[in-house]
Amino acid sequence: MSLLVMKFGGSSVGTPERMQRVARRILERQQEGHQIVVVVSAMGDTTDDLIDQSKQLNPNPPAREMDMLLTTGEQISIALLSMTIHQLGGQAVSYTGWQAGFRTEPVHGKARITDIQADRVIRSLDEGQIVIVAGFQGMSEDGEITTFGRGGSDTTAVALAAAVQADRCEIYTDVDGVYSTDPRVVKCARKLEEISYDEMLELAHLGAAVLHPRAVEYAKHNNVCLVVRSSFTYNEGTEVKEEAVMEQGIVVRGIAFDKNVARISLLGAQDIPGILAKVFGALANNGIDVDIIVQSGVADGKADFSFSVSNNDIAKALRVIEDLRSEVPFREATSEENLVKVSIVGAGMVSHPGVAAKMFETISQLGVSIKMVSTSEIKCSCVIEAGPLNEVVRALHTAYNLDTEEQAFVGGPQDRRE
Ligand code: ASP
Ligand code: MG
């Protein structure tokens with residue numbers, strides 16, 4: 001008998017009818033002879049609605065109370081799903097994250113899992129129960145309720161799959177699998193049969209919201225057999241694995257984009273040793289995530305450099321830099337908002353020269369200028385202005401032979417963050 005973890009996102013359980021569909025799907029899987037652990041997210045927009053409610057009463061709620069509030073969303077889902085399964089004649093038991101043995105760091109809002117004591121889950125499985133676990137939550141050593149950050153139910157599923165040594169972890173969502181790019185932007189985007197952990201990790205970090213990056217990290221680390229598929233159809237999904245086969249003639253597996261990018265430039269900075277360390281040290285100490293860094297030449301002992309941050313960090317980053325002026329003298333700091341980062345990802349890039357060059361050429365043919373570039377062995381990212389983003393993504397999709405004949409199936413309501 002094999003052991004399966006099935007995870008359903010918020011839109012898959014968003015209404016009573018969908019809850020019933022999910023319950024039937026779970027029972028079908030059980031009848032095929034599998035033991036089943038289910039992980040669910042909060043129904044529909046529940047988490048967003050809870051956040052809105054809290055903001056009306058306190059725009060800056062204590063992080064502890066926020067976790068207390070948000071974990072209720074998943075608790076509603078597990079109880080209702082379990083009842084639905086009982087109504088259909090099945091045996092199920094629901095557990096909160098802490099009942100299922102999730103121990104985490106003592107951090108609110110983005111806790112990491114430190115340990116999973118899954119004996120209770122295993123015992124219930126052995127009794128023939130379908131075990132339903134609330135996503136994205138755990139408890140710290142000192143008994144405080146914690147959450148894993150938005151989209152964290154994927155991580156619950158993968159971590160639990162590793163802990164109970166499941167044969168497979170299936171992530172059910174509202175799209176058919178992982179696509180070469182967002183099918184809403186490129187109609188002829190292709191569904192990928194397979195993708196490697198590393199490629200998926202890049203895509204997830206670069207803005208493809210279909211899987212939470214930490215879940216992919218966990219899967220890679222524990223070699224979890226991970227499948228992304230639709231809860232609305234029976235189509236085969238996308239398998240995420242150690243090594244994925246590349247189709248003939250395709251080097252780039254996917255194109256991702258991030259619409260929340262700003263550039264800050266520091267001009268005429270005195271080129272003394274340690275200046276980068278000072279600037280980026282100060283930014284890090286203030287919790288500002290810096291992505292791409294470009295130093296663009298030194299003349300007459302003065303250096304210019306730029307870096308990218310998310311739009312909402314601009315004001316803070318400029319303040320941090322201004323505060324450093326006495327230590328790191330510079331002429332001026334400028335910023336540019338509302339940029340986007342487009343990235344191509346493919347494990348085959350390492351061994352195929354000219355992949356990045358083709359990206360630059362394709363973008364320049366559209367008359368769009370590239371403001372920043374960063375590369376790794378398996379990806380190349382360009383920061384450009386936001387206006388022509390869709391056009392650029394479509395052109396790249398064609399240039400790298402990713403277009404298919406068919407129109408991509410996009411099932412259910414779009415909830416790319418579920
Ligand atoms: N309900 C949480 C969220 O909306 C966790 C999840 O869905 O994965 O972010
Ligand atoms: Mg999700």
Side-chain angles (χ1 to χ4, degrees), residues 5-15 18-19 22 37-55 61 63-81 94-100 102 104-105 107-113 116 132-139 145-162 169-175 178 200-201 203-205 207-219 224 226-232 240 260 412-418:
V5 173
M6 302 172 80
K7 182 258 167 180
F8 294 91
S11 69
S12 301
V13 291
T15 62
R18 289 184 181 183
M19 193 67 97
V22 163
V37 178
V38 179
V39 173
V40 255
S41 294
M43 293 167 69
D45 294 329
T46 304
T47 307
D48 287 329
D49 294 345
L50 289 171
I51 293 172
D52 289 347
Q53 270 184 45
S54 73
K55 298 273 183 251
R64 177 190 187 277
E65 305 309 333
M66 209 57 198
D67 277 357
M68 189 64 87
L69 179 69
L70 295 188
T71 47
T72 62
E74 270 66 14
Q75 284 191 50
I76 293 173
S77 298
I78 55 171
L80 289 177
L81 182 57
S94 64
Y95 289 132
T96 60
W98 42 99
Q99 285 179 312
F102 278 82
T104 75
E105 301 169 334
V107 177
H108 290 293
K110 52 171 195 291
R112 283 179 174 269
I113 300 164
I116 304 172
I132 304 175
V133 177
F136 127 104
Q137 52 178 262
M139 192 176 268
I145 291 175
T146 55
T147 59
F148 306 164
R150 298 303 306 266
S153 297
D154 292 346
T155 307
T156 300
V158 177
L160 201 51
C169 178
E170 299 184 334
I171 307 283
Y172 287 82
T173 178
D174 52 13
V175 285
V178 180
M200 191 63 239
L201 198 54
L203 287 177
H205 275 301
V210 66
L211 275 179
H212 196 256
R214 213 179 270 174
V216 185
E217 252 169 57
Y218 229 103
V224 173
L226 187 62
V227 177
V228 180
R229 60 189 308 190
S230 166
S231 62
F232 298 94
V240 190
N260 182 10
Q414 282 307 300
D415 173 9
R416 309 286 294 181
R417 209 179 36 208
E418 73 152 35

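For ligands, and for the atoms within them, numbers begin at 1 and follow the listed sequence. This structure is a prediction, so every number in the text was calculated from the model and none was measured.
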May I ask you to test the D174-F232 pair for a side-chain heavy-atom distance under 4.5 Å?
yes

Quick one: does E74's side chain get under 4.5 Å of T156's, heavy atoms only?
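They are not in side-chain contact.
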
I'd like to know if G152 contacts ligand 1, where contact means a heavy-atom distance under 4.0 Å to any ligand atom.
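Yes, G152 has heavy atoms under 4.0 Å from ligand 1.
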
Over all heavy atoms of both residues, which pair between C169 and V224 is shortest? Give the atoms and the distance, please.
CB-CG1, 3.8 Å

Below a 4.0 angstrom heavy-atom separation, can you tell me which part of E74, side chain or backbone, both or neither, approaches ligand 1?
side chain

When you look at I51 and M66, which way does the side chain to side chain contact (heavy atoms under 4.5 Å, CB included) test go after all the steps?
CA-CA 8 Å; I51 293 172; M66 209 57 198; 3.8 Å; yes

When you compare ligand 1 with [X], is there at least one nitrogen or oxygen pair between them that comes in under 3.5 angstrom?
{"X": "G151", "result": "yes"}
{"X": "S41", "result": "yes"}
{"X": "R150", "result": "yes"}

For S153, the ligand 1 atoms whose distance to one of its heavy atoms is below 4.0 Å
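Ligand 1 atoms under the 4.0 Å threshold to S153: 5 (C), 6 (C), 7 (O), 8 (O).
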
Numbering the atoms of ligand 1 from 1, which are under 4.0 Å from a heavy atom of T47?
1 (N), 2 (C), 3 (C), 4 (O)

For side chain to side chain donor-acceptor pair (under 3.5 Å), just list the numbers for D67 and T147, CA-CA rounded to whole Å, side-chain angles, deciding distance to a tenth of an Å, and then say yes or no.
CA-CA 6 Å; D67 277 357; T147 59; 2.7 Å; yes

May I ask you to decide if the ring planes of F148 and F102 are parallel, tilted or perpendicular, using 30° and 60° as cut-offs?
tilted

